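Remarks on the structure that follows.
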Amino acid sequence: MDNYNTKQVEKKWQEHWDQNKVFTVSETTDKPKYYVLEMFPYPSGKIHMGHVRNYSIGDVIARYKKMKGYNVLHPMGWDAFGLPAENAAIKHGIHPDNWTTQNIKDMKEQLKLLGLSYDWDREIATCNKDYYKWTQWLFLQFYKNDLVYKKESRVNWCPSCETVLANEQVVSGSCERCDSAVGKRLLSQWYFRITDYADKLLKDLDALPGWPDKVKTMQGNWIGKSEGAEIEFKIDGLAKNIKVFTTRPDTIYGATYMVLAPEHALVTELVKNTNFEETVNEFINKLQHVSDIERTSADTEKEGVFTGRYCINPISNKKIPIYIANYVLADYGTGAIMAVPAHDQRDLDFARKYNIEVIPVISSSIDGETNIENEAYTQDGYMVNSEEFNNMTTKEAFPKICEKIESIDAGKVTTNYRLRDWLLSRQRYWGTPIPIIYCEKCGTVPVEEENLPVQLPIDVKFTGKGLSPLTTSETFMNAKCPKCGIMGKRETDTMDTFVDSSWYFLRYTDSQNDKLPFSKEKSKYWMGVDQYIGGVEHAILHLLYSRFFTKVFKDLDLLDIKEPFKNLLTQGMVLKDGAKMSKSKGNTVSPEEIIEKYGADTARLFVLFAAPPERDLEWSDQGVEGCYRFLNRVWRLVAESIEKDLFKRTKEDIDSQDKELRYKIHSTIKKVTEDLDTRFNFNTAISSIMELVNELYKYKEQSKILDGNLFKNGIETIVTLIAPFSPHIAEELWELIGNKTSISNLAWPEYERDALVKDEIEVVFQVNGKLKNKVNVSTNIDKEELEKLALQDEKVKLAIGEKNVIKVIVVPKKLVNIVIK
RNA sequence: GCCGUGGUGGCGGAACUGGCAGACGCAGCAGACUCAAAAUCUGCCGAUGGCAACAUCGUGGGGGUUCGAUUCCCUUCCACGGCACCA
């Protein structure tokens, strides 16, 4: 018999699903809802194996849940703004809009070839103006609520391309396009106040049991909460204070110097008109030529200069010198530290280099002994050299010192986060325009909501040089001030594409809405996303931003939930020859070619079978062949059975082979159901379906009289169970068997309990934990009898030999272990 | 340095709450069908010893708990991923 015609079968059912709107959903049903979402792709024009894996996983879940009786929302769209479109415009002279539209068209065709169960009626593209209108509208809500602001900031600037670069375009300090050294430029930039939500974003991670721990810790690290104190030091001879942040206020008696970041606001004032002004400025200038990566690397040697100034430790009243140094960061904490060389390695390295005093204030033992050479003591211990706090443990002293600081009004207990505000301005064309107008009279003025969207103009030049291409459009640049009506200038920056993708999952719930980004009712019905699936590479940014947006929307009463994604599955990469598939490495496998050769069902089956979803998957051409063989085996099993009219055979008495087959059918249903329900063990689900297929072949060949009903039940079970994985062949076989309804609308099978009851069970006999024999016993044999049986067993007797039986452990229905000596 | 994940046959991977290690698939070997090949079907397939029945070893290494450990505890090594001069 020939292999089945994949192309014909797949085309037929893809058209069937399309025409009958099988996967179109609405909110008007009694069924419980289930929202499955895969991270939407950037429309590069071609799908890759990572997409195939991602969307196959999502599709199995969507189809399974639908068969389980859920009202399943499974949408798809395009993360369509971004740099590649603009680069294409610069390079090939194609307008980003045309380039993107064509890519979406091409990629949609490829996705359709995979037979994914999307509700295409809800399709979105972030570059469509009826989408970005709402991105702008949301920006305005942020603006109204003081959650977005503008401030001066240093951006990456390529002097040769004469343009601003995104961080991703800076490859080890050089421009990705022309390779010249990237510098910094001061520009006014928009920021979201994500730091206001730092604590919520951190705390609510605990409310996400359905997220992998890996992702939660990554976000936790990124937010980087540390508790400590802010302490103010008076400057000697200047009516100003320097505020420091420390997590170790208990070490304050050991602070022997103060360090400011070179960018610290007070530096200029400290050295103005002093002998130190020149050396300090020289040092700062020198640092400006050092890249950020180099500057902030832990291996960079610590360097600094004395400012000539001193400040006063508020607790000990000791006078200590003020330095500036490269190892203190301007934008963390207060940009200044009290340096405690005895108990901080960085401070110690610096102190040794510049011969600054080291005072140990913590001892590892109660006797107060300390021994600091070139290694700082950073653990807990007992206080020394700390006046009234001496002999306390550091744990006791910590709150007491904080209390004292607060009582003398020299500072307070506080919390610091590593998380920074989110810089969203991009000096780019192909993004959502920021809806702001600058007016000479009124200043920064938001565009009125009814005048949205602020549309991207067409009359733009793409040279790759200068500021944003938007600055070249006269029609765009000049706009009336919404407040006073005189001519102003539009904001020419566009938004980071992460803004677009931070709320797309909400738009799907109500994608046609022209009054709001999404209605409260619809989002309430569909949200949160019951299962979100995507790569780990988005573990921090995309997922954190989406969580932030969701929390803001809740506070603005646009939404009712506090977390967008209830369950998260981070799928592993697709590797070939041990490395991630990539064009530059030349180790890619084209999904189109695989589909052409073996069909979508095989492609899907392979990526689901070859590895558990969260692990990396090693591509194997032979593995694909294996899956193709399997599907053909299923096809032949069904086709031959129909040809030979096997389903019509009848039989009077059930024998043990029938019983065993029935057991296998129902235990397979149970296994596959559990694998899909609890964890997503697609690989083991598929392997147990394979076992059932093997079993049915055996039954067909070996049973003396075949029970047609039972056999058909076995066949139909296989076809149903395989439907979420390889839907086209399942539909076709289902029809071939003579069923009229589409398998996509079929209910998932339930296993029958009584089929799983066995009269006989295999029990293992062990001697000293080592397997000696396996025997079949009746399921209702009692403990004593089983023990007797074991002791009488020939192989067991042989193993016992002359030794004494000390103990016998009987585990009913499992084993007997005889302990001998 | 800190945090996380993972180490099981030739390979991808199974083993649900501690109870038959290696399911299922790939590769390999042998056979059937065939003039032949492909396809398909059948059998074997962790290591060592043995003609064999069988015995011993075996889940990165070492130790522990237990009648019994891939699974639990301690320790150690290796690989991958994240963060990192964060005070």
Side-chain angles (χ1 to χ4, degrees), chain A residues 1-3 212-222 224-226 228 244-248 251 259 261 295-302 325-329 331-340 343-347 349-350 378 416-419 536-537 539-540 572-573 605-606 609-612 614-627 629-630 632-633 636 671 674-675 678-679 681 683-691 693-694 697 701 762-774 795 798 806-811 813-820:
Chain A
M1 197 177 274
D2 286 338
N3 286 345
D213 288 337
K214 179 167 71 167
V215 174
K216 287 191 275 187
T217 23
M218 275 163 84
Q219 291 211 356
N221 286 344
W222 188 262
K225 179 176 180 165
S226 39
V244 302
F245 172 74
T246 176
T247 52
R248 295 296 301 274
T251 62
V259 191
R295 170 74 201 278
T296 56
S297 158
D299 321 314
T300 306
E301 190 169 344
K302 283 153 197 55
N326 60 352
Y327 76 98
V328 172
L329 307 171
D331 52 0
Y332 180 78
T334 60
I337 61 158
M338 63 174 208
V340 185
H343 306 293
D344 181 290
Q345 193 57 48
R346 294 155 298 176
D347 296 346
D349 294 344
F350 190 85
T378 55
N416 235 298
Y417 298 92
R418 201 170 302 189
L419 183 72
V536 230
E537 64 272 21
I540 299 175
M573 295 182 294
L605 197 68
F606 172 73
F609 177 63
E614 59 283 339
R615 259 202 256 176
D616 287 350
L617 181 156
E618 175 68 36
W619 183 264
S620 153
D621 289 329
Q622 283 154 337
V624 179
E625 293 268 0
C627 290
R629 266 204 291 269
F630 167 71
N632 277 300
R633 231 166 103 77
R636 277 197 307 274
K671 168 82 173 135
E674 282 169 359
D675 277 348
T678 47
R679 282 161 297 166
N681 292 342
N683 55 333
T684 53
I686 293 166
S687 71
S688 57
I689 300 172
M690 287 172 169
E691 281 181 61
V693 172
N694 294 343
Y697 263 105
E701 298 307 319
E762 197 182 61
V763 164
V764 171
F765 294 157
Q766 301 180 329
V767 173
N768 281 352
K770 281 189 181 149
L771 176 77
K772 291 298 161 189
N773 205 2
K774 304 172 186 182
K795 287 183 180 165
L798 199 75
I806 296 178
K807 202 171 171 185
V808 180
I809 283 133
V810 183
V811 183
K813 293 184 185 179
K814 270 213 178 109
L815 59 75
V816 179
N817 187 14
I818 296 152
V819 189
I820 62 166

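As the structure is a prediction and not an experimental result, all values here were calculated from the model. Protein chains get the first letters and strands the later ones, always in sequence-line order, with residue 1 at the start of each.
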Is the phosphate of U5(B) approached by K214(A) (side-chain N or O, under 4.0 Å from OP1 or OP2)?
no
What distance do I820(A) atom CD1 and N768(A) atom CG have between them, rounded to the nearest 0.5 Å?
5.0 Å
Rounded to the Å, how far apart are M573(A) CE and G6(B) C1'?
13 Å
Could you please name the partner base of A55(B), counting Watson-Crick and G-U wobble pairs only when both distances are under 3.5 Å?
U48(B)
Rounded to whole Å, how long is the line connecting atom CD of E701(A) with atom P of U40(B)?
15 Å
Short side-chain N/O contact from S226(A) to OP1 or OP2 of A87(B), under 4.0 Å
yes
Test of understanding: with side chain to side chain contact (heavy atoms under 4.5 Å, CB included), list the residues that count as partners of D621(A), not counting sequence neighbours.
W619(A)
Start at the 5' end of RNA chain B and walk down; is the nucleotide closest to V764(A) or to T247(A) reached first?
V764(A)
Using a heavy-atom cut-off of 4.0 Å across all strands, would you classify P212(A) as base, sugar-phosphate, or nothing?
nothing
Partner nucleotide of A30(B) by Watson-Crick or wobble geometry (both distances under 3.5 Å)
U42(B)
Quick one: label K795(A) by what it contacts on the DNA or RNA (base, sugar-phosphate, nothing), any heavy atom closer than 4.0 Å.
sugar-phosphate
State whether R636(A) places a side-chain N or O below 4.0 Å from either non-bridging phosphate oxygen (OP1 or OP2) of C41(B).
yes
Using atom CE of M218(A) as one end and atom C1' of C80(B) as the other, report the distance to the nearest whole Å.
13 Å
Complementary nucleotide for C2(B) - Watson-Crick or wobble, under 3.5 Å:
G82(B)
If the condition is salt bridge (Lys or Arg N to Asp or Glu O under 4.0 Å), which residues does K671(A) pass it with, not counting sequence neighbours?
D675(A)
Given the structure, check if the side chain of K807(A) and the base of C67(B) hold any donor-acceptor pair shorter than 3.5 Å.
no
What contact category does N326(A) fall into here, base, sugar-phosphate, or nothing, at under 4.0 angstrom with non-hydrogen atoms?
base
Looking at CZ of R418(A) and OG of S226(A), how far apart are the two atoms once the value is rounded to the nearest 0.5 Å?
7.0 Å
Residue whose closest nucleotide on RNA chain B lies nearer the 5' end, R418(A) versus E674(A)
E674(A)
How would you label the contact of V259(A) with the nucleic acid (heavy atoms, under 4.0 Å): base, sugar-phosphate, or nothing?
nothing
Anything under 30° is parallel, anything over 60° is perpendicular, the rest tilted; go ahead and classify Y327(A) against F350(A).
tilted
Looking at Y332(A), I'd like to know whether one of its side-chain N or O atoms comes within less than 4.0 Å of OP1 or OP2 on A87(B).
yes
Over how many whole Å does the gap from M338(A) atom CE to C85(B) atom P extend?
20 Å
Atom CG of D616(A) and atom P of G7(B) are separated, to the nearest Å, by 13 Å
Between C85(B) (P) and D349(A) (CG): distance, integer Å:
15 Å
Using a heavy-atom cut-off of under 4.0 Å over every strand shown, decide if K225(A) touches base, sugar-phosphate, or nothing.
nothing
Tell me the interatomic distance from K774(A), atom NZ, to C20(B), atom C1', rounded to whole angstroms.
5 Å
What is the distance from CG of N817(A) to P of G68(B), rounded to the nearest Å?
8 Å
Answer with yes or no whether Q345(A) presents, from its side chain, a donor or acceptor under 3.5 Å of a partner atom in the base of C85(B).
no
Pairwise N/O distances under 3.5 Å, protein to nucleotides 21-27 of chain B:
| from | atom 1 | to | atom 2 | distance (Å) |
| --- | --- | --- | --- | --- |
| A23(B) | O2' | E691(A) | OE2 | 3.0 |
| G25(B) | OP1 | N694(A) | ND2 | 3.4 |
| C26(B) | OP1 | R629(A) | NE | 3.1 |
| C26(B) | OP1 | R629(A) | NH2 | 2.9 |
| A27(B) | OP2 | R629(A) | NH2 | 3.3 |

Specify the glycosidic conformation (syn or anti) of G63(B), with syn defined as within 90° of 0.
anti
Taking 4.0 Å as the cut-off, does a side-chain nitrogen or oxygen of K770(A) come that near to OP1 or OP2 on C57(B)?
yes
